[in-house]
Every structure is written in structure tokens, then in C-alpha cells.
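Working notes, beginning with the structure itself.
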There are 2 protein chains.
Amino acid sequence: MTNKLNLNNLTKSEEDYLKAIFQLLIEDASVKVGNNQLADYLKVSPASTNNMIKKLKAKGYVVSEKYGKLDLTEGGKSVAVRLIRKHRLWETFLCNYLNFTWDEVHDVAEQLEHIKSRKLIDELDRFMDFPKKDPHGEMIPNANGEYSIVPKITLSSLSEGDVCQLVAVNDGSVHFLKYVSEIGLALSSEIKILEVREFDKSIRIKFDNTIETVTRKFADNVFVNKVV
Amino acid sequence: MTNKLNLNNLTKSEEDYLKAIFQLLIEDASVKVGNNQLADYLKVSPASTNNMIKKLKAKGYVVSEKYGKLDLTEGGKSVAVRLIRKHRLWETFLCNYLNFTWDEVHDVAEQLEHIKSRKLIDELDRFMDFPKKDPHGEMIPNANGEYSIVPKITLSSLSEGDVCQLVAVNDGSVHFLKYVSEIGLALSSEIKILEVREFDKSIRIKFDNTIETVTRKFADNVFVNKVV
DNA sequence: TTAATTTGTTAGTCATAGCTAACTTTTTTA
DNA sequence: TAAAAAAGTTAGCTATGACTAACAAATTAA
Ligand SMILES: [Mn+2]
Ligand SMILES: [Mn+2]
Ligand SMILES: [Mn+2]
Ligand SMILES: [Mn+2]
């Protein structure tokens, strides 16, 4: 009885909250996750998150002290990772087999990730021959919930003269993803930082013989691997 | 403004109720659908169905008089048929691409049918090259909600000496479907009625050089096309 | 180190979708 | 045709997961 596993007794909402906390925890490992921050992220009121957090603490997925920050138990992390696995496998399926573009997949995957069937997702994984990355460049956890963290930084953190490779993009905004495609950037694109303008932090970049200027906000959503 | 289409504003429950009414209406076209019958079918209380029916009437999907029987409007039928299309396409996908057996698909399809994305289901249809029937032999409505009703009767309605072909099976029970496979019956099997026993209505049948006795209850769930 | 601001909590409300128990209407049977 | 049974309705309750408004604690700034 080492692991009381509560097999799949979670509602869609409970799952989404656990996933959100997980995303916020890995997004910036140094800063702990607060209640209002979570409310912001999920676009619900702080009262709602407070309420749900109580429930998730009672069920043993979340730990926190009163007026303190949030953390996930191993069980909570496990639920979140399984949800992320499902989300990313579905996104991959939609892109690679059903003619979806990378900006169309996220919203549908938000629904599909809540389908409860272990066999479904493991067979989908096998059907696609165990893909390692989703359409936005993010890693896909395997059936045991194991995953490799690819070292990545934002494009905005680089300096003039740096050269990097685009490894992933934030998939939250349809407009952003369309914009990335439109200017000709794609996963694996090699990008050189020509100039970082002090005035508004906009960045002149060069890739595939194209020169573009992108905003700080844009560069915050592009994840890269520094090459030079 | 001929068709006020209320694009997808329905909850999972509302969708399930409309589908259930539709199924009951086609199951036996002669008998109108009652509130308690619907409650039975959905395994909820008559109070619950009564409540939901009110809502669906207010939204223009159901028609009925007080203390009277239920019927669907064109809008209600359209929702039901779209749901059935999704359900059967997903069942087909699970069987043909993800190694599910025909007794494993129904419960997962019950979840998948509620995913809201027109593109998803039409692309899934295209991906499978527009299948006409699901794994249980039931027709799949096309993207316009059109479908052909295959004439079918239950095996239990036949008499000694009749010969028929198995065209579909009721997919509601996992035990039943496993049983069908185990005795060697499959879609398209040619079945001859050797004897109908008066005592308990059990039926001796022959197919593929196999002779079996099946109960009335079993035969009620097997749909056939009379050949001789 | 006090005051302002931010963050977190609580109380009370609403909608959805179940339930039971009691009641009314309709249908069937005697 | 009157009584019994079945079918349908209503009232009132529960749980989930949102919300607002009011309040308390913790943090930051003055
Ligand atoms: Mn996504
Ligand atoms: Mn989700
Ligand atoms: Mn089915
Ligand atoms: Mn369903």
C-alpha cells in the first residue's frame, strides 16, 4: 500500500488546476506559486482557486500553509504530467494526421486531454511511433510519466551577436503562432541576434536570409537553444 | 434567417439527452417516448429527465405537451445525428487504427463524442476515407447529417428455416459483444435458424458449420437481414 | 515602523445536474 | 365505472464550480 492511487477520480476542473500549478512551477522554478497568480493564469477569481485548492489539499494533491504558497505532491505532479502527455500527443496527432496547423491544435487538445482511457493514449502514442516532441517543440512524457527537460531560454534573454536555434514556442496564443509562421520562422530555424534596441527592447534578428524586427513580447514567447 | 443554429451551446448532458430520445424514437417508431422510459434508458430519476426536458423544450429541441409524450424538433434531431456521427467515427477509429476490440470502444466513444470541433471530426472522417459503417455494423451519418437506414430486424423475429445475414449488433453491453465474438459470429455471418424452442424461445442456429443455441435475450440484440 | 498595497480567505449567491419524497394526472384493470 | 397502477410533475435537497463583496494577513513603501 505504498501508493494509494485514486485511479482517475478527478474532474476536468481538478485536472486543469493541477496542470496549471505544474506549469507555473516549472515556468519559473525560483518563484513559488501563489493563489492570485493561479487565478490569473486560469482566468477565474481568487475565490474560485482558493476553494479548489482546499479540495485538492484534502485529496492529497496539493500542499500549502494558510496564507502560504502552493506546491504539488508527487501524486499531484503525476496527474499533471499525465495530462500534459495526453495534451501533447493529441496535438501531435492533429498536426501530423488530421491536417491541423500548429495554431489550431491547442484548444481541441484542451478538450481531448480529459478523455479517460489509458489504452487510448498509449495506443495513440504507439500509432504515431512514440513521438518525442509536440508541434510546438515541447517534449512528450512517455507512458511511465518520464520526460527529459530540454534546456531552453527565451529569445529575449540573448544579446547582440548571439546565435541560437528555435527549439519551442509558447502555444497559448493563436495570433502569436500564426505570426511566427508568417514571418517564416519554424522549429530548428537558426537565428542570429543583430541588435537589441535599448529604447523598447525590440530585437533585430536574421534567419534564412530574412531580417526581421520583433518585439520583446514576441521574443518572450520564443524558446531557443544558444549555439554561439 | 431560416435556421437559427445555436452553434454548439449544448452541455454534455443536454447532448446525451437528445441522443437518447433520438435512439428511443428510432428504436421503435410506433411507440412514442415517455418521460419514465427516458429516465430508465439514461439510468437517472424521472425527476431529472422531467427537469432536463423542460430546458430542452425552452431551447427548442424537444416538443411535448404536459403529461404527453416526447418528440424532437428538426434542431433536436440534427444535434442527435451529429452526436451519433461522432460516436461511430470514433468507434471506427479506435477499432481500425488503435487496436481496440469492438467491445472496448463504446465507453471511450461516449466521451469522445462530446469533443467540440467540426474540423476534428470531418478530418477524422477523411483520414479513414469516409467509412460507411461502424465496428458494430451501424451506418455512419455523413458530414451533412445524411444517413441511410439499412433495413434490419432482430434475429429473434425469425422462424425455423429462415436464413439471414448478421448486419449489426447492439453495442451497449461488453459481455454481449465478447460473447458474440467467442462463439464465432461476426458481421456478415450467414445464419440459418434450425429451431425455435417454444418453451423458452431459445434458438438453435447454424453458421460456418457451427451449431449453437442462443437465448431469446441474445437474439434480441443481433440484427439481421433476411436472405431466405 | 507605521501606512498602503497586495495577497489570500471567507461568506453568501448562482447555475447545472443530479437525487428523494410527495403529489397529480392518465391509463389500465377489475 | 370506480379503484389500482403507472406515468408524469413538483418541491426541496445535494454537490460542483463559478461569481462578488467584505474582510484578514502579509508584504512593500514611505
Ligand atoms: Mn497546447
Ligand atoms: Mn484542459
Ligand atoms: Mn457505441
Ligand atoms: Mn455521451
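Nothing here was measured: the structure is a model prediction, and the numbers come from that model. FYI, side chains are in, hydrogens and waters are out, and symmetry mates aren't considered; it's all heavy atoms of this structure. Below, chains carry the letters A, B, ... as their sequence lines are ordered, and counting in each starts from 1.
Considering only the side chain of B/Ala47, D/dT10 comes nearest among D/dT10, D/dT20, C/dA17. For B/Tyr67, taking side-chain heavy atoms from C-beta onward, the closest of the listed nucleotides C/dT26, D/dC19, D/dA25 is C/dT26. Here the side chain of B/Tyr17 is nearest to one of D/dT20, C/dC19, C/dG18, namely C/dG18. With C/dT9, D/dG17, C/dA17 as the choices, the nucleotide that has an atom nearest any side-chain atom of A/Pro46 turns out to be C/dT9.
Separating the CG atom of B/Asn36 from the P atom of C/dT26 is a distance of 15 Å, rounded to the nearest angstrom. Spacing between atom CD1 of B/Ile21 and atom C1' of D/dG8 amounts to 15 Å, rounded to whole angstrom units. The CD atom of B/Gln37 sits 13 Å away from the C1' atom of D/dA6 (whole-angstrom rounding). One can place NZ of A/Lys12 at 9 Å from P of D/dA18, the figure rounded to the nearest angstrom. Rounded to whole Å, the distance from CD1 on A/Ile53 to C1' on D/dG17 is 13 Å. Atoms CD (B/Glu65) and C1' (C/dT25) sit 14 Å apart, rounded to a whole Å. One atom, CG of A/Asn51, and another, C1' of C/dT13, lie 13 Å apart when rounded to the nearest Å. Atom CG in B/Asp16 sits about 14 Å away from atom C1' in C/dG18, given to the nearest Å.
Taking the six-membered ring for Trp and the full ring otherwise, B/Phe93 and A/Phe93 have centroids separated by under 6.0 Å. Ring centers of A/Tyr61 and A/Tyr17: at least 6.0 Å apart, outside the cut-off.
Side-chain polar atoms of B/Ser156 and B/Thr154 form a donor-acceptor pair below 3.5 angstrom.
Applying the 4.0 Å criterion to OP1 and OP2 of C/dG8, one finds that A/Asn50 has every side-chain N and O outside that range. Contact check, B/Lys55 against C/dA17: a side-chain N or O comes under 4.0 Å of OP1 or OP2. A sub-4.0 Å separation between OP1 or OP2 of C/dT9 and a side-chain N or O of A/Lys54 is absent. For C/dT26, neither phosphate oxygen OP1 nor OP2 lies less than 4.0 angstrom from any side-chain nitrogen or oxygen of B/Lys66. Between C/dG18 and B/Ser45, no contact under 4.0 Å exists linking OP1 or OP2 to a side-chain N or O. Contact annotation: B/Ser48 side-chain N/O to C/dC19 OP1/OP2 distance is under 4.0 Å. Regarding contacts with the backbone of C/dG8, a side-chain N or O of A/Lys69 is found under 4.0 angstrom from either OP1 or OP2.
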Margin query: Pair B/Asp134, B/His87 - check side-chain hydrogen bond (donor to acceptor under 3.5 Å, both in side chains), show working.
Written below: CA-CA 9 Å; B/Asp134 82 5; B/His87 183 101; over 6 Å; no
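Among the heavy atoms of the strands, none lies under 4.0 Å from B/Thr49. Using a 4.0 Å heavy-atom cutoff across all strands shown, B/Ser13 reaches sugar-phosphate atoms only and no base atom.
A salt bridge does not link A/Glu91 with A/Arg88: every distance from a Lys NZ or Arg NE/NH1/NH2 to an Asp or Glu carboxylate oxygen is 4.0 Å or more.
Enclosure of atom NZ in B/Lys119 by more than 12 non-hydrogen atoms of other residues, nucleotides or ligands within 6.0 angstrom is indicated.
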